[in-house]
Amino acid sequence: METPNFKKLFGRDVPILSGALHYFRVHPFYWRDRLEKMAACGLNTVETYVPWNMHEPKEGQFDFEGIADIVKFVETAADVGLKVIVRPGPYICTEWEYGGLPGWLNAIPNMRIRCNWPDFMEKVENYFAVLLPKLVPYLESNGGPIFAMQVENEYGSYGSDKAYLSALRDMMRKYGMDCLFFTSDGTGIDMLKGGTLPDMWATANFGSNPEGAFKAYRAFQPNGPDMCMEFWCGWFDHWIKPRVKFRGAADVANTLERIIKPGGSVNFYMFHGGTNFGFWNGANLDGQTYHPTTTSYDYFAPLSEAGDMTDTYYACKEVIERLYGPAPDIKVQNTKKRAYGKVKLGKRHSLWDNLPAPAARAAVPLTFEEIGQELGYVLYRTTVDLPKVSREFLKERGYKQHLKITNLRDRAVVCIDGKRVGSLYRNNPNDTLEIPLPEGKDSFQLDILVENMGRVNYVNHGGIMSYPCGIFGTVSIGITIIYDWETFSLPFDAVPAPKGGECKDSPGFYTAEFNVDGVADTFLDMSGFRKGVVWINGFNLGRFWEVGPAKTLYVPAPILKEGVNQLVIFETDGVDSPTGEVEFVTDHVWVKHNEFKSLKNK
């Protein structure tokens, strides 16, 4: 089993002092700022996952530009003086859409993921054949900063297919990865046995009790060296749940010291969490309960979502410098924040005036995968006939019926003749929605706007779940299943340019212009809005949802510009802001724990 040579890596006998920072969760303008703050804390290494679905959003179409420019990120890390650990998956978990796997895999008949299944391995190799050669010049063996690469990710929490792990390792070698290979798993013996191979360095993931964790780990790998590849120094948040409670800077620093003082290596997960911009957040599944991750991935990390040095940062810096000497003298500071104040919104443009041509028409609603879509929304539309006998029957019951959707993924807004009447959510599969049926009409238009709120990246006691998005069941009103649907694709992979008439009671778009005098980081307070997504100058900030816990969206300074800026809001739930405005503030606004119970999923 190969293990790291610390003297060769760092020029002295010092352990790996690493931190996780995902380039795809940080605006590229800020990569250097965050990396310099890591080095100034005393770290010698940065670790990053690589999201397959961001780099190959459509099969055979690759993207390594902008926020996806992993080569530029690695070059920046090297320039700052940091070594690099790369975790390319193909599965990465990390509270990311489908754990980094592309959703288009689910459109392939009889697909099996995360095992030595020929169709899956073919797609992985097609991806690795493009990704890995880009990293070859930056390997340590070629004078670069990358010295280690993970094979799969926490595989022992999912499976035990050794042929799969071996095939991935051999594939990495085939495309030039001449470096240290490792695996990382929880410290349970079944996880360690299932997740690694004899010739790989096995590392452990935990957040507390390092003595007990390393004892269990050494029972499996007695010769070490010890490394906590994921030191969980904080945690992430889910929508509709109170914000996680922070363990405290002193506790994090104490646990860190107990890991590294005896000579153990560490990788903070996360050292800087960043943001799930756009539609890239994932979700957890606990039993049948779905927990989508928030846009903010602050994680209570040593560097905040906005890159600010926290109490945890300084407490950990003190431990590292006391044990291993002074950190590099790099001048770092927190970014400036500005409250640009309130922005008055223009009229609300109806979604109905801004629909593309239908993507398909079929007897039943088609899933995202069936129309070749990954992220965003899909609109299902049909006309429901009410023959005279039905109208007489319904009149006796006040013209009301119940609508039900089976196998909804993930949330649906239901509209009758263009007006919103309510919503349904996958966590309540037996729920029905009472809908008012129009009097004196032989038919009405039924629209169902479905949002992919994040494919599941982790299932408790199951690893990951493969399923289609959208509606892959039936829609019924009363006892009648509704057929003949038009499907509209709304991925919003480009900023909308809404037009048309004003609306107040259906999904729609707000637009506004606002002036900036002095560009700085800021936070957009969406209080008063229900649910949707926001763009500034064409950049998708991510989702907001009134249920909390976050009421604000982080706005990195580099997406703003001096002078006039453009704001677009897509609000799905058809209710005007009470004030008709939003506000830029200087920090996140979180729903307080004692106030959270008053919020309901609407």
Side-chain angles (χ1 to χ4, degrees), residues 1-5 47-53 55-56 85-94 98-102 105 108 110-136 139-141 146-205 217-225 227 229-230 267 457-458 462-464 466:
M1 178 192 69
E2 187 183 359
T3 57
N5 183 327
E47 173 268 307
T48 185
Y49 280 124
V50 183
W52 180 4
N53 49 11
H55 291 299
E56 194 180 3
I85 296 172
V86 177
R87 302 168 82 182
Y91 164 77
I92 62 174
C93 190
T94 194
Y98 204 14
L101 298 174
L105 288 172
I108 300 172
N110 205 31
M111 175 57 71
R112 301 291 188 271
I113 59 173
R114 298 189 73 189
C115 63
N116 198 32
W117 187 256
D119 289 347
F120 180 64
M121 297 306 290
E122 176 190 350
K123 304 308 178 186
V124 173
E125 180 157 11
N126 292 343
Y127 165 55
F128 276 4
V130 176
L131 168 69
L132 297 181
K134 293 180 181 294
L135 303 180
V136 169
L139 295 175
E140 182 197 16
S141 56
I146 301 173
F147 70 91
M149 184 166 289
Q150 180 174 275
V151 177
E152 240 277 352
N153 182 61
E154 294 185 310
Y155 190 65
S157 298
Y158 176 80
S160 58
D161 188 346
K162 302 294 186 176
Y164 169 58
L165 294 178
S166 297
L168 286 178
R169 176 204 58 206
D170 294 345
M171 195 182 296
M172 291 177 179
R173 287 175 175 163
K174 174 181 176 180
Y175 291 103
M177 294 300 99
D178 176 23
C179 62
L180 170 68
F181 291 125
F182 69 93
T183 57
S184 63
D185 289 283
T187 55
I189 190 64
D190 288 340
M191 296 178 184
L192 289 166
K193 286 172 61 178
T196 193
L197 295 171
D199 62 346
M200 291 187 195
W201 182 32
T203 64
N205 300 339
Y217 164 80
R218 290 188 201 107
F220 177 77
Q221 185 173 274
N223 297 324
M227 179 161 187
M229 186 56 71
E230 290 189 11
N267 178 52
N457 60 263
Y458 186 80
I464 191 172
S466 170

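Remember, it's a predicted structure, so these values are computed and weren't measured experimentally.
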(request) Report the distance from atom CG of L132 to atom OH of Y175, rounding to the nearest 0.5 Å. (result) 8.5 Å
(message) Quick test of your reading: applying salt bridge (Lys or Arg N to Asp or Glu O under 4.0 Å), list the pairs with at least one residue in residues 173-183, sequence neighbours left out, ordered by first then second residue.
(response) E125-K174, D170-R173, R173-D199
(message) Could you measure the distance from the CH2 atom of W201 to the OG1 atom of T196? Nearest 0.5 Å is fine.
(response) 11.5 Å
(request) Quick one: pull up CZ in F220 and CG in D190 and give me the separation to the nearest 0.5 Å. (result) 10.5 Å
(message) Between T94 and R87, do the side chains contain a donor N or O and an acceptor N or O under 3.5 Å apart?
(response) no
(message) Show, in sequence, the C-alpha distance, side-chain angles and deciding distance for I85 and F147, and conclude whether the side-chain contact (heavy atoms from CB on, under 4.5 Å) test is met.
(response) CA-CA 6 Å; I85 296 172; F147 70 91; 3.7 Å; yes
(message) Under 3.5 Å, is there a donor on one side chain and an acceptor on the other for Y158 and E152?
(response) no
(message) Side chains of K123 and I108, heavy atoms from C-beta outward: is any pair under 4.5 Å?
(response) yes
(message) Using side-chain heavy atoms (C-beta onward) and a distance below 4.5 Å, is T183 in contact with Y155?
(response) no
(request) Only counting residues at least two apart or in another chain, list the ones meeting side-chain hydrogen bond (donor to acceptor under 3.5 Å, both in side chains) with E154. (result) N205
(request) Would you confirm whether N457, through its side chain, and G99, through its main-chain N or O, come within 3.5 Å as a donor-acceptor pair? (result) no
(message) Within the 4.5 Å heavy-atom criterion, are V86 and V50 side-chain neighbours or not?
(response) yes
(message) Cation-pi check for Y91 against R114: NZ or CZ below 6.0 Å from the six-membered ring centre and within 45 degrees of the axis, yes or no?
(response) yes
(request) Check whether any side-chain heavy atom of Q150 lies under 4.5 Å from a side-chain heavy atom of F182, and answer yes or no. (result) yes
(message) Quick check for you: to the nearest 0.5 Å, what is the distance between E230 atom CD and D185 atom CG?
(response) 9.5 Å
(request) Could I get the full list of ring pair (Phe, Tyr, Trp, His ring centres under 6.0 Å) partners for Y127, not counting sequence neighbours? (result) W52
